[in-house]
Undergrad: 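Quick one: the structure is below, questions incoming.
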There are 2 protein chains.
Amino acid sequence: MALRHAVLAALLDGEYSGYELAKTFDAGVANFWHALPQQLYLELSKLESDGLIAGRQVVQETRPNKRLFTVTEAGISELSRFAFAAARPSFIRDDLMVKVRSVDAVDPAGVIRQLDERARIATTKIDIFEGLLRRQRGDLEEELFLREGDRIGPYLTCLRGLRFEQENLDWCTRTAAVLRGRTAAHR
Amino acid sequence: MALRHAVLAALLDGEYSGYELAKTFDAGVANFWHALPQQLYLELSKLESDGLIAGRQVVQETRPNKRLFTVTEAGISELSRFAFAAARPSFIRDDLMVKVRSVDAVDPAGVIRQLDERARIATTKIDIFEGLLRRQRGDLEEELFLREGDRIGPYLTCLRGLRFEQENLDWCTRTAAVLRGRTAAHR
DNA sequence: CTGGTCATGTAACCCGTTACATGATTTC
DNA sequence: GAAATCATGTAACGGGTTACATGACCAG
């Protein structure tokens with residue numbers, strides 16, 4: 001059970017509905033945690049009945065009603081407990097890496113196509129992260145912000161996400177180039 | 001079902017037993033795929049009964065017997081099919097990132113400890129990857145090896161793993177320093 | 001004689017994914 | 001008129017993790 005804590009951490013930013021959370025997860029959180037909307041709705045229900053978050057109904061006229069959630073004090077305690085306990089080693093699962101590892105035994109064309117695609121996605125994510133970072137630090141220089149800002153957790157994780165995607169872009173571009181060079185030479 | 005392909009890709013390197021594969025997974029493959037030994041034994045059985053790999057019994061006197069597996073032609077076909085199909089987006093799941101994101105609301109001491117720990121792990125992995133890369137390219141320069149080497153798939157994925165761990169080390173070190181600076185200033 | 005390595009599995013459980021379900025409003 | 005957005009769920013399935021199980025050899 002670990003999605004709980006990802007959701008709690010995300011709700012530290014403020015009040016969110018399940019729907020809004022799902023979008024947040026796609027944007028900022030996605031680079032170190034991923035969840036589908038259905039999972040979020042379920043997890044929010046559980047967290048609420050465990051008293052770790054509190055929800056309030058917001059009636060809307062022109063749109064469907066929604067429920068907004070905030071972290072309770074019990075939720076903060078749970079997060080503290082979690083943050084103190086040893087983290088399990090992180091893991092990545094990436095189909096594309098498996099494919100690149102197999103590239104000597106299979107036709108590289110499909111792999112190259114997917115490397116290009118991945119590079120494009122990385123470019124988009126880089127823009128998103130840079131936007132998020134700018135918005136969070138406002139007028140402050142990064143160093144000053146990190147020394148004196150109120151809320152630096154999300155900034156620090158965005159920094160990691162940005163670096164990850166920059167490396168991703170770099171690697172995908174170079175790997176695609178290497179594979180293209182070889183197929184051109186072979187024929 | 002995707003562990004299948006990670007196992008197939010790993011078996012392209014040669015003949016391995018379940019036990020040896022488990023170690024391989026810990027070392028080189030772990031940075032983009034992870035599996036416990038039990039899962040590997042099960043998956044190997046399935047792959048064998050599906051005809052994608054072939055096993056042969058090796059009787060040992062001083063140690064327990066083992067079964068070594070190789071990829072069959074049907075296995076290569078399956079890998080080709082997989083490599084050509086669209087990859088699902090990769091994902092990371094990292095407890096430590098969730099903790100860093102929560103660091104404004106909880107005691108940073110535990111998080112700092114885990115960042116240090118993670119930095120040490122990253123250092124170890126960097127050494128492992130550098131060793132693997134050196135061994136694979138032998139006497140050749142990297143560029144030449146990538147242009148003309150026989151088997152570059154594992155080299156390319158190691159490059160990605162190395163970069164990832166270097167970034168990891170860097171980020172963990174810097175993040176820990178930022179958090180230390182703030183707790184020192186507050187008191 | 002304790003702990004690590006070699007070596008291979010089974011069974012139960014839980015979490016995550018896929019598929020299904022609904023329905024009004026806004027934008028192109 | 002079609003497609004995207006807002007908004008929230010249930011149910012089935014399958015894969016991944018945890019726990020359990022065994023046993024011989026070798027190094028400190």
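Residue numbers start from 1 in every chain, and the chains themselves are labelled A, B, ... in the order their sequence lines are given, proteins ahead of strands.
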Undergrad: Which residues pass the side chain to side chain contact (heavy atoms under 4.5 Å, CB included) test with A:Tyr16, not counting sequence neighbours?
TA: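 Scan of A:Tyr16 (side chain to side chain contact (heavy atoms under 4.5 Å, CB included), adjacent residues dropped) gives A:Leu11, A:Asp13, A:Glu20, A:Leu21, A:Thr24.
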Undergrad: I'd like to compare against my own output: the B/S/- annotation of nucleotides 12-19 of chain D with a strict under-4.0 Å heavy-atom distance to protein.
TA: ---SSBBB
Undergrad: I'd like to know if A:Arg180 and A:Asp116 make a salt bridge, using a cut-off of under 4.0 Å between side-chain N and carboxylate O.
TA: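 Yes, charged N to carboxylate O under 4.0 Å.
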Undergrad: Parallel, tilted or perpendicular: which describes the rings of A:Phe82 and A:His5, with under 30° parallel and over 60° perpendicular?
TA: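 Rings of A:Phe82 and A:His5: parallel, as their planes differ by under 30°.
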Undergrad: Tell me which residues in residues 19-29 of chain B lie within less than 4.0 Å of DNA chain C, going by non-hydrogen atoms.
TA: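 Result for residues 19-29 of chain B: B:Tyr19, B:Lys23, sorted by number.
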Undergrad: If you compare all heavy atoms of A:Gly75 against all heavy atoms of A:Leu8, which two are closest, and at what distance to 0.1 Å?
TA: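 The answer is O-CD1, 3.9 Å.
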Undergrad: Which pairs count as side chain to side chain donor-acceptor pair (under 3.5 Å) when at least one residue sits in residues 52-61 of chain A, sequence neighbours excluded?
TA: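 Sorted result for residues 52-61 of chain A: A:Glu15-A:Arg56.
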Undergrad: Taking all heavy atoms of A:Pro108 and all of A:Thr183, pick out the closest pair and write down the distance.
TA: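 That would be CG-CG2, 3.7 Å.
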Undergrad: Whole angstrom is fine here: how far is it from CD in A:Glu48 over to P in D:dT8?
TA: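 Rounded to the whole Å, the gap is 12 Å.
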Undergrad: Describe the nucleic acid contact of A:Ser17 in one word from base, sugar-phosphate, nothing, applying a heavy-atom distance below 4.0 Å.
TA: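 Sugar-phosphate, no base atom in range.
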Undergrad: What pairs with A:Ile126 under side chain to side chain contact (heavy atoms under 4.5 Å, CB included), at least two apart in sequence or on another chain?
TA: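 A:Ile126 satisfies side chain to side chain contact (heavy atoms under 4.5 Å, CB included) with A:Glu130, A:Leu162, A:Glu165, A:Gln166, A:Leu169 once adjacent residues are dropped.
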Undergrad: Which whole-number value in Å describes the distance from B:Arg67 CZ to C:dA7 P?
TA: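 In whole Å, C:dA7 P lies 14 Å from B:Arg67 CZ.
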Undergrad: Is A:Glu148 salt-bridged to B:Arg182, going by a charged N under 4.0 Å from an acidic O?
TA: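 No.
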Undergrad: Please state how far atom CG in B:Leu40 lies from atom C1' in C:dA7, giving the value in whole angstrom units.
TA: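 It works out to 13 Å between those atoms.
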Undergrad: Surrounding CZ of A:Phe84 (heavy atoms of other residues, nucleotides or ligands, distance under 6.0 Å), is the total greater than 12?
TA: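 Check fails, neighbour count at 12 or below.
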Undergrad: What is the distance from OH of A:Tyr16 to P of D:dC6, rounded to the nearest Å?
TA: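 It is 14 Å, rounded to the nearest whole Å.
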Undergrad: Which letter, B, S or -, goes with each nucleotide of nucleotides 22-28 of chain C from 5' to 3', with contact meaning a protein heavy atom under 4.0 Å?
TA: -B-SS--
Undergrad: Does the distance from a Lys or Arg side-chain N to an Asp or Glu carboxylate O, for B:Glu78 and B:Arg4, drop under 4.0 Å?
TA: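 Answer for the salt bridge query: no.
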Undergrad: Using atom CG of B:Leu42 as one end and atom C1' of C:dA11 as the other, report the distance to the nearest whole Å.
TA: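 These atoms are roughly 11 Å apart.
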Undergrad: What integer distance in Å separates B:Asn65:CG from C:dA7:P?
TA: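 Distance, rounded to whole Å: 9 Å.
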Undergrad: Ion pair present between A:Arg163 and B:Asp170, side-chain N to carboxylate O less than 4.0 angstrom?
TA: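 So A:Arg163 pairs with B:Asp170 through a salt bridge.
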